[in-house]
Every structure is written in C-alpha cells, then in structure tokens.
A.B. asks: 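The structure that follows is given in the form of structure tokens.
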Amino acid sequence: MVSDSWKAAFLAASATLLQSAVAQNVTCNGSFSPISASNFVSKMNPGWNLGNTLDAVQKEGDWNNPPVVATTFDDIKSAGFKGVRLPVTWAYHFTSEAPDYTVDPVWLQRVSDVIDMITSRGFYAIVNVHHDSWTWMDLTKETDYAKIEDKFYKLWYQIGTKLACKGSQVAFEPINEIPGTTAEHGAEVNKLNNIFLKAINDAGGFNPQRVVTLVGSGEDGPKTSQWFVKPDAKFKNPWAIQYHYYSPYDFIFSAWGKTTWGSDADKASLEADIAAVRGNFTDIPLIIGEWAASPVATETAARWRYFDFFIRTAAKYNTATVLWDNGADFLNRATHQWRDQVALDILRTAAAGKTNSLPDSTTDGSTTQNSSAYVYHKLNETVTDVELPFHFNGNSFSSAKLAGKNLAKGKDYSVSGEKITFKKSFLSTILTSSSRTGSLANVTLNFSAGASLQVNILQWSVPTLGVTSSKVPASSTDLLIPITWAGQNRPAAVRAVKNDGTYLSDDWTQYLPDLQKARITYNGQWNWDGQNVVLPAAVVDLVRQGGKDTTFTIEFYPRVPGNVVNYTLTV
Ligand SMILES: *[C@@H]1O[C@H](CO)[C@@H](O)[C@H](O)[C@H]1NC(C)=O
Ligand SMILES: *[C@@H]1O[C@H](CO)[C@@H](O)[C@H](O)[C@H]1NC(C)=O
Ligand SMILES: *[C@@H]1O[C@H](CO)[C@@H](O)[C@H](O)[C@H]1NC(C)=O
Ligand SMILES: *[C@@H]1O[C@H](CO)[C@@H](O)[C@H](O)[C@H]1NC(C)=O
Ligand SMILES: *[C@@H]1O[C@H](CO)[C@@H](O)[C@H](O)[C@H]1NC(C)=O
Ligand SMILES: *[C@@H]1O[C@H](CO)[C@@H](O)[C@H](O)[C@H]1NC(C)=O
Ligand SMILES: *[C@@H]1O[C@H](CO)[C@@H](O)[C@H](O)[C@H]1NC(C)=O
Ligand SMILES: *[C@@H]1O[C@H](CO)[C@@H](O)[C@H](O)[C@H]1NC(C)=O
C-alpha cells in the first residue's frame with residue numbers, strides 16, 4: 001500500500017523535476033489503451049502522408065490540393081495502408097504573438113476533425129508541426145533560441161490540450177525537418193524534443209502515455225545518428241525516432257540525367273544507409289516518416305525496382321515506412337485513381353513479405369536505357385516481335401491479360417526463361433506504324449506471388465519544339481518553350497553545353513557515365529507543363545552570365561539515340 005507521506009514526497013519530487021510545471025490541464029473521460037512505440041510503428045506500417053494539404057503555406061487549399069475530404073482516407077484504406085502521417089503547418093494560424101502565441105481555435109478544431117476522419121477508419125496517425133521549420137523555427141536563420149523555445153512550448157501546449165483525449169492510435173511528432181548543420185543545432189533539436197514532451201505532458205489528458213516520434217536535425221539519418229540524445233527520463237512517453245529518406249538524391253529528384261536505378265552498387269548504398277541508422281539505434285523503434293520515388297520524376301521500371309528494394313530493406317532493419325504523396329505524385333484524390341497502381345501493389349506486397357517479380361531495365365547509365373515496363377514502338381517503323389527481360393525472382397509466370405482477358409500463350413506471346421516475347425501478330429492488333437503517339441494499351445502480367453506488373457505499349461516519335469532558339473532575355477525570367485509531345489509527355493533529362501564545349505553547370509558531371517554528362521537538374525534547372533518545356537530563371541541567368549551561346553538538348557523516353565531536340569539560347 002502506498003502511504004500518503006510517500007505520495008506527498010513523490011509529488012514534491014515530480015514538481016521539482018518538471019520545473020515550473022503547470023498542473024495537468026485536461027482530464028479526459030473514457031479510457032486509453034497504452035501501446036508501446038515499437039507496436040505503434042509496426043501497426044502503422046505501411047503508412048501514407050497527406051502531403052501538401054494541412055501543411056500548405058499559408059493555409060489548407062493554398063497549394064495543389066483542395067481541403068481534404070474524408071473519402072480520401074477510404075481510398076488510402078483500400079490501397080492497404082495502415083497509418084497516416086498528417087503534416088500540419090501552424091505558422092500562419094496564430095492569432096496573437098508573444099507572450100501568448102494563441103493558435104486560432106478554428107484551426108485546432110479543423111486538425112482535430114481531420115484526425116477523427118483518419119482514426120475512425122482504423123488508421124494509426126502521426127500529427128506534427130510541419131513547415132514552421134521554414135520560418136520561425138529555422139535554427140540556421142533565427143538566432144533567438146529562447147523565443148523559439150517559448151513559442152514552441154506554447155504551441156505544443158495548445159495542440160496538446162486540444163488533442164489531449166485522442167486515443168492511443170494518435171502519435172505526435174515535434175517538428176518536421178528542422179534545419180541544422182552543426183552539433184549546436186543538433187543539441188538544440190534535442191532540447192526542443194524535451195520542450196515538446198514537457199508541453200504535451202503539462203497539457204495532460206492522455207498525453208503522458210501517448211507515443212511520440214522524436215527527431216534529429218533535418219530528420220536526416222546521418223545527422224540524427226550523430227547528434228540525437230535520448231529525452232529526459234522523467235517523461236514516460238513511449239518514443240520512436242522518425243527520420244526521412246530521399247536517396248539517392250539524383251535518382252529520386254531526376255538530377256544530372258540519373259534516370260536508372262537498381263545496380264548492385266545502388267542497392268548496397270541504400271542498404272548501408274538504412275543499416276547505419278539501425279546500427280546507431282539498435283533498441284529504438286524507427287519509422288521513416290517520408291520517402292518516395294515519384295512517377296513525376298522517375299522512370300517506371302527503375303521506380304518499381306526501387307519501391308520493392310526500399311520496402312524490403314526497411315523491413316529487414318525493422319523500420320516502418322510512410323510514403324510521401326504531395327497530391328500530384330501517387331493518389332489522384334479527385335478521381336480516386338492511383339497514378340502508378342503497380343508501385344502501390346509492389347509496396348503492399350513487399351511490406352507483407354511477399355516476393356515480387358520485376359521488370360529488367362538498364363542500371364548503368366550507358367548510352368541507351370531499356371525498360372521492360374514498356375513496349376516502345378517508334379512511329380513509322382514496322383511492327384516486329386518484342387522481347388522483354390524480367391526478374392521473376394523465384395515466382396513463376398502465370399498469365400498475361402489485356403483489359404481483363406487472357407492473352408493466348410504461344411500465339412500472342414511466349415515465355416522463355418525470364419524473357420517474355422510479345423508477338424508481332426498480337427502487337428499489330430494494338431498498334432500500326434502510324435498509330436497515334438502515346439500509351440495505347442497496358443498488358444497485365446500476373447505471377448505466382450507478389451504484385452502484377454504492367455507493360456505499357458507506347459508509340460513514340462521525337463517531340464517537336466515550337467521555337468528552337470532565342471536570345472537570352474535581358475532580365476531574370478522563366479523561359480517557356482512550346483512543345484508538341486509525342487509519347488511520354490515529359491522530358492527524361494536535359495543536357496546544357498556552351499558553344500565552346502564546356503558545360504553550363506556542374507562541370508564535375510564529366511566524370512559520370514554518358515547518359516549523365518552535362519545534364520542539369522530537374523525542378524531547379526528544367527521543368528515542364530502540358531504545353532511547354534520550362535527553363536527556370538536560374539538557368540537562363542547562368543547563360544547570360546556565362547556569355548556564351550548555349551544548347552539545351554532535351555531528351556525523352558526511351559533514352560535512345562535521336563530521341564532529343566535542341567534549343568539554343570544565344571547571348
Ligand atoms: C485547459 O484545457 C481547456 C480544454 O480542455 C482549454 O479550454 C483551456 O484553455 C486550457 N487551459 C489552459 C491554461 O491552457
Ligand atoms: C467529460 O464529461 C463531462 C460530463 O459529460 C463533460 O462535461 C466534460 O467536458 C468531458 N471532458 C472532456 C475532456 O471531454
Ligand atoms: C552510425 O551512423 C553513422 C552516420 O551515418 C555511420 O557512419 C555509422 O556507421 C553508424 N554506426 C553504426 C554502428 O551503424
Ligand atoms: C537495350 O536497347 C538496345 C538499343 O535500344 C538494344 O540493342 C538492346 O538489345 C536492349 N537490351 C535489352 C536487354 O533489352
Ligand atoms: C511518318 O510517315 C509519314 C508518312 O510517310 C510522314 O508524313 C511523316 O513525316 C513521318 N513521321 C516521322 C516522325 O518520321
Ligand atoms: C497505361 O498505364 C499508365 C500508367 O498507369 C497510364 O498512364 C496509361 O494511360 C495507361 N494506358 C492506357 C491505354 O490505358
Ligand atoms: C495471379 O495468378 C495466381 C496464380 O498463379 C492467382 O492465384 C491470382 O489470383 C492471380 N491474380 C490475378 C490478379 O489474376
Ligand atoms: C544538338 O546539339 C548538339 C551540340 O550540343 C549536337 O551535337 C547534336 O547533334 C544536336 N542534336 C540535334 C538532334 O540537333
């Protein structure tokens with residue numbers, strides 16, 4: 001039996017520990033079923049991010065997504081996800097500054113309602129403070145740490161109060177990708193983890209038992225490994241570490257012509273990264289709260305191979321994963337369609353421990369790039385048999401279907417070893433030498449286990465530019481070059497070379513393989529829309545500053561000789 005004097009001593013000791021602690025504010029009705037952090041992350045695996053939505057700057061609806069509707073979470077549920085990370089930007093929802101830093105109650109209610117949409121569908125959820133790390137919480141730009149700490153405490157106290165009575169399927173994450181480049185920044189993040197814990201514990205309710213996913217600088221694996229320090233033991237919250245993984249940068253973000261992935265070296269380096277974080281935190285539950293290889297930026301076969309290997313490797317190191325989806329990448333929320341259903345199927349089956357068969361594809365950045373995710377046929381060429389290599393990975397091939405109907409093995413296609421040959425007679429029912437360009441059909445390949453694959457039968461021709469040269473604009477401006485697409489409606493890579501043969505930027509790419517030399521970076525240095533290839537102001541400025549006529553060679557899929565157009569900017 002616990003005596004009253006012991007209780008008094010215990011309370012006094014706790015009060016000292018939680019210096020300046022307010023009494024726990026909220027008392028919840030109902031009950032809370034405690035869950036360990038390792039159970040939590042495994043139950044939310046695999047997870048999905050509601051990206052670019054409640055985290056939009058400045059308000060929900062301001063970016064590419066309208067305000068979220070509950071049916072989106074039905075789509076996520078049907079796709080097989082178990083958890084949802086809910087990124088929330090608070091920076092533009094304060095109604096007062098110091099000393100109160102009051103958060104708009106309407107916004108708190110909105111966040112609470114969206115959490116209910118998620119948890120009522122049986123998901124586990126992580127809610128956070130998101131792009132505040134771009135503004136008032138940027139430790140590399142703001143110098144008044146005391147102010148950041150005060151505001152951060154008050155913000156989490158209010159969030160903690162509002163969400164205090166949410167069930168144990170709701171976890172909190174203190175701050176998304178807070179910038180940090182030094183050990184001092186890392187130490188400040190450790191301090192912020194503790195301030196966050198104190199704030200939610202002070203708010204009370206069920207928070208003292210709630211799972212949290214703590215962070216290191218940038219939610220970067222190596223920086224977290226280097227600088228993360230465990231939180232103060234006085235906080236009893238079950239905790240995991242969350243980090244993010246977008247590697248290798250060049251493949252994930254389509255930089256420097258890196259449109260291939262899947263070599264032994266690519267795989268070894270991914271595995272070493274995941275293993276290193278696990279190696280530093282052997283007994284701590286880990287969750288990769290963001291990762292992706294978007295259909296917007298990556299080649300299809302390479303992406304499927306990445307999805308499979310990434311998910312299996314994370315599982316091997318007992319690390320849960322949460323896919324980043326900005327609303328333009330994976331789920332088309334308006335139509336409820338997945339933009340790359342195969343990638344989703346690979347994710348789900350790999351997470352369930354099944355073996356996936358995968359398309360073969362070039363992995364070495366040599367002079368052409370093959371991909372067994374496609375039958376690429378060039379306009380005006382005769383239709384022939386097409387042989388595509390696969391990696392069955394121990395599964396057996398079971399069927400090929402077109403629009404739900406089985407194709408005839410032997411007649412429409414044949415299988416030899418791990419190669420599937422689509423017959424000329426079959427392909428001729430789908431395309432002729434003069435069919436329109438673009439995707440004409442998808443054949444579904446089914447195997448004894450794992451995800452079904454698709455082979456996209458695609459007619460292509462070299463796209464044409466509306467204009468092929470212009471004088472560099474005198475002022476800093478984006479340049480829109482009209483294009484008529486003719487196959488896959490996007491560039492694969494862009495090469496930029498000055499008329500003296502030197503590279504416009506990133507001279508070091510001369511040491512890369514042929515498909516990568518002199519290539520510039522997607523987003524920063526090239527982009528596109530439905531009607532144009534876009535050269536952003538930054539790259540136009542480089543040409544003006546470089547003072548030399550510069551040819552941009554825009555390359556398309558398939559990356560074979562000749563599937564390029566040139567655009568020259570003259571000075
Ligand atoms: C305590 O919690 C209630 C909601 O349960 C909230 O309205 C109130 O503002 C909180 N008090 C403080 C001091 O934060
Ligand atoms: C608990 O229930 C009481 C009585 O129904 C209600 O007044 C109070 O607001 C509830 N508290 C919380 C935190 O929901
Ligand atoms: C810890 O992380 C660092 C940085 O990523 C890495 O170099 C090191 O190998 C890791 N340690 C272990 C034991 O995995
Ligand atoms: C890759 O493509 C090249 C030319 O585009 C071709 O010669 C080669 O046979 C292809 N390899 C495979 C494995 O498909
Ligand atoms: C394809 O053939 C047609 C008819 O011969 C011709 O007009 C057209 O220019 C050709 N297109 C290409 C891209 O070769
Ligand atoms: C084939 O699948 C791709 C990817 O899902 C899609 O973009 C394309 O429109 C499909 N093609 C046809 C003819 O349905
Ligand atoms: C794929 O084939 C397997 C047997 O090999 C079968 O069990 C499964 O239902 C098939 N899946 C589809 C989508 O046809
Ligand atoms: C594009 O320009 C490069 C020089 O940068 C040249 O070598 C190449 O032949 C040109 N290609 C086409 C299709 O005009």
Side-chain angles (χ1 to χ4, degrees), residues 20-30 80 94-96 99-109 111-112 150-166 198-208 338 341-342 344-346 348-349 352 354-357 376-383 390 392-407 409 415 420 431-438 442-455 458-465 483-487 556 558 560-565:
S20 79
V22 290
Q24 289 197 357
N25 180 32
V26 184
T27 306
C28 304
N29 300 320
F94 289 95
T95 58
S96 78
D100 293 341
Y101 299 108
T102 310
V103 178
D104 181 358
V106 175
W107 184 238
L108 280 164
Q109 187 60 46
V111 173
S112 171
D150 180 40
K151 187 167 175 179
F152 187 62
Y153 174 87
K154 284 167 181 161
L155 171 58
W156 267 112
Y157 182 80
Q158 291 172 79
I159 301 170
T161 296
K162 182 69 188 180
L163 306 181
C165 299
K166 299 295 184 198
K198 180 156 158 45
I200 62 169
N201 276 273
D202 288 351
F206 297 134
N207 294 335
W338 290 91
Q341 182 65 50
V342 175
L344 262 289
D345 293 345
I346 288 173
R348 189 180 53 243
T349 48
K354 300 201 174 108
T355 300
N356 286 307
S357 303
Y376 279 122
H377 184 265
K378 192 175 183 191
L379 184 74
N380 284 0
E381 290 192 349
T382 49
V383 179
F390 288 84
F392 287 2
N393 292 329
N395 295 331
S396 57
F397 173 83
S398 103
S399 68
K401 289 193 170 80
L402 178 64
K405 283 179 62 184
N406 271 323
L407 300 183
K409 195 167 175 178
V415 182
I420 300 177
L431 55 81
T432 68
S433 67
S434 62
S435 299
R436 70 172 173 86
T437 55
N442 287 300
V443 172
T444 302
L445 303 179
N446 185 26
F447 299 87
S448 54
S452 294
L453 300 178
Q454 279 190 0
V455 177
L458 189 138
Q459 178 96 320
W460 67 277
S461 174
V462 182
T464 47
L465 296 181
I483 187 165
T484 306
W485 302 104
F556 308 94
V560 294
N563 195 11
V564 306
V565 291

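Just so you know, these numbers come straight off a predicted model, no measurement behind them. Position 1 is the first residue of the sequence; numbering continues from there. When a ligand or atom number is given, it counts from 1 through the structure's own listing order.
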A.B. asks: Does Thr444 have any side-chain hydrogen bond (donor to acceptor under 3.5 Å, both in side chains) partners at least two apart in sequence or in another chain, and if so, which?
C.D. replies: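 None.
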A.B. asks: Does ligand 7 have any N/O atom under 3.5 Å from a protein N/O, and what are those pairs and their distances?
C.D. replies:
from     : atom 1 : to     : atom 2 : distance (Å)
ligand 7 : 2 (O)  : Ser398 : OG     : 3.1
ligand 7 : 2 (O)  : Asn446 : ND2    : 2.4
ligand 7 : 11 (N) : Asn446 : OD1    : 3.4
ligand 7 : 11 (N) : Asn446 : ND2    : 2.8
ligand 7 : 14 (O) : Lys401 : NZ     : 3.4
ligand 7 : 14 (O) : Asn446 : ND2    : 3.1

A.B. asks: Regarding Thr95 and Asp104, do their side chains bring together a donor and an acceptor under 3.5 Å, going by distance alone?
C.D. replies: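 Note: Thr95 and Asp104 side chains miss the donor-acceptor criterion.
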A.B. asks: Return the set of residues passing side-chain hydrogen bond (donor to acceptor under 3.5 Å, both in side chains) with Thr102 (not counting sequence neighbours), or none when no residue passes.
C.D. replies: Ser96
A.B. asks: Would you say Thr161's side chain and Tyr157's backbone share a donor-acceptor pair under 3.5 angstrom?
C.D. replies: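 Answer holds: yes.
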A.B. asks: Take Asn356 and Thr349 through the side chain to side chain donor-acceptor pair (under 3.5 Å) test and state the conclusion after the steps.
C.D. replies: CA-CA 7 Å; Asn356 286 307; Thr349 48; 2.8 Å; yes
A.B. asks: Tell me whether the NZ or CZ atom of Lys151 lies within the 45° cone about the ring axis of Phe94 and under 6.0 Å from its centre.
C.D. replies: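 The answer is yes; both the distance and angle limits are met.
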A.B. asks: Going by the atom numbers of ligand 5, which of them fall below 4.0 Å from some non-hydrogen atom of Ser461?
C.D. replies: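 That gives atoms 13 (C) of ligand 5.
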A.B. asks: Is the closest N or O pair between Asn25 and ligand 1 shorter than 3.5 Å?
C.D. replies: yes
A.B. asks: Output all residues satisfying side-chain hydrogen bond (donor to acceptor under 3.5 Å, both in side chains) with Thr464, sequence neighbours left out; order by chain, then residue number.
C.D. replies: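 Not a single residue meets the side-chain hydrogen bond (donor to acceptor under 3.5 Å, both in side chains) criterion with Thr464.
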